[in-house]
Amino acid sequence: MVTTRFAYICRPFAQGLLDKTRALNELDFNKHQRARLRESVSVDVRKLCDMLIPDARHPQVSVAAAEQAAAIGVDLGQETWHSQTRFDPKRAVFHYEHVNPVSQIVNALTYADSVGAIVQTLSDGLRLAWITKDEDARLTALGYRHKRPDPGAAYAEAGVVLLPALPDPGHDRMDRRG
């Protein structure tokens with residue numbers, strides 16, 4: 001289900017993503033142009049995540065990451081990639097991870113035919129998680145760095161156990177400005 005807050009934050013991105021994915025599907029670009037436009041969609045998805053977490057979507061946390069974070073008094077459910085250097089100065093302990101790789105989300109967006117479908121695709125696909133660097137290394141060693149047709153199976157194979165996802169925050173919050 002798409003929460004009100006999630007949809008509100010997605011709105012500035014959704015029309016642009018729809019226009020870009022339609023252009024990828026319909027216009028005759030050369031290889032370089034197509035690559036840059038697809039890269040732009042990926043950047044938009046990443047920047048949207050920066051805005052959504054943790055205000056409109058909580059990141060998930062692996063059991064191992066939660067244990068290590070608890071030992072240093074950090075609630076990873078409230079942290080972002082941008083705040084990481086405050087508690088993990090060299091990014092040596094924790095890895096901020098797109099459970100569904102951005103490339104898979106970008107591929108899914110190419111099938112959306114409306115702004116609402118873009119928002120729904122993003123709501124369904126955007127899952128971020130805090131895992132340990134060791135867990136990330138295991139995913140990578142198994143070939144799951146950028147491709148995960150079944151993220152749950154990939155995580156299970158790598159021995160990464162995620163704590164249950166919290167419901168999206170801000171279900172009824174909206175911008176209250178005039």
Side-chain angles (χ1 to χ4, degrees), residues 1-3 5-7 9-10 13 17 21 38-39 41-112 117-171:
M1 180 166 113
V2 178
T3 64
R5 186 70 179 161
F6 187 99
I9 293 172
C10 281
F13 292 85
L17 287 167
T21 57
R38 189 171 170 83
E39 182 180 276
V41 173
S42 295
V43 168
D44 283 356
V45 169
R46 289 178 186 282
K47 293 304 160 192
L48 176 58
C49 290
D50 291 345
M51 290 182 64
L52 289 166
I53 308 296
D55 184 55
R57 171 133 318 155
H58 290 292
Q60 290 186 261
V61 181
S62 75
V63 170
E67 289 171 358
Q68 290 187 30
I72 59 172
V74 172
D75 176 4
L76 291 175
Q78 296 301 312
E79 301 297 341
T80 68
W81 184 85
H82 293 281
S83 66
Q84 182 178 359
T85 55
R86 184 176 40 77
F87 59 89
D88 185 10
K90 295 183 180 179
R91 299 186 193 275
V93 178
F94 301 103
H95 181 75
Y96 196 54
E97 158 88 355
H98 289 87
V99 176
N100 297 310
V102 171
S103 61
Q104 287 179 208
I105 296 166
V106 170
N107 288 341
L109 289 172
T110 64
Y111 297 101
I118 291 282
V119 172
Q120 187 64 56
T121 300
L122 292 167
S123 181
D124 294 344
L126 291 178
R127 292 176 54 207
L128 282 98
W130 284 104
I131 63 175
T132 67
K133 288 294 184 179
D134 289 341
E135 290 171 321
D136 179 55
R138 291 196 307 263
L139 281 166
T140 299
L142 291 167
Y144 295 125
R145 181 125 189 102
H146 299 292
K147 293 183 182 178
R148 276 182 226 137
D150 181 346
Y155 274 51
E157 186 178 345
V160 179
V161 178
L162 295 177
L163 294 170
L166 295 173
D168 284 351
H171 184 68

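All values derive from a computational prediction rather than experimental measurement. All values below come from the heavy atoms of this structure, side chains included, with hydrogens, waters and symmetry mates left out. We're numbering straight along the sequence, starting at 1.
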To the nearest 0.5 Å, how far apart are CZ in R127 and CD in E97?
10.5 Å

CG/L76 to OH/Y96 distance, rounded to the nearest 0.5 angstrom?
10.0 Å

Run L139 and I131 through side-chain contact (heavy atoms from CB on, under 4.5 Å) and show every step you take.
CA-CA 11 Å; L139 281 166; I131 63 175; 3.9 Å; yes

Could you check R86 against E79 for side-chain contact (heavy atoms from CB on, under 4.5 Å), going step by step and ending with a plain yes or no?
CA-CA 10 Å; R86 184 176 40 77; E79 301 297 341; 2.6 Å; yes

Please report the C-alpha distance between D55 and R5 in whole Å, then the side-chain angles of each, then the deciding distance to 0.1 Å, and finally whether the salt bridge (charged side-chain N to carboxylate O under 4.0 Å, His left out) criterion is met.
CA-CA 8 Å; D55 184 55; R5 186 70 179 161; 2.7 Å; yes

So F94 and W130, would you call those rings parallel, tilted or perpendicular, with 30° and 60° as cut-offs?
perpendicular

Interatomic spacing from CG in D124 to CG in N100 - rounded to 0.5 Å:
9.5 Å

Mind checking what makes salt bridge (charged side-chain N to carboxylate O under 4.0 Å, His left out) contact with K133, not counting sequence neighbours?
none

How about W81 and R91: do any of their side-chain heavy atoms sit closer than 4.5 Å?
yes

Given L166, which of R57, H58, Q60 fulfils the side chain to side chain contact (heavy atoms under 4.5 Å, CB included) condition?
H58

Derivation of the side-chain contact (heavy atoms from CB on, under 4.5 Å) call for I72 and V93:
CA-CA 11 Å; I72 59 172; V93 178; over 6 Å; no

Should K47 and D44 be marked as a salt bridge (charged side-chain N to carboxylate O under 4.0 Å, His left out) after you check the CA-CA gap, both sets of side-chain angles, and the distance that decides it?
CA-CA 5 Å; K47 293 304 160 192; D44 283 356; over 6 Å; no

Could you tell me which residues satisfy ring pair (Phe, Tyr, Trp, His ring centres under 6.0 Å) with F13, sequence neighbours excluded, listed by chain and number?
none

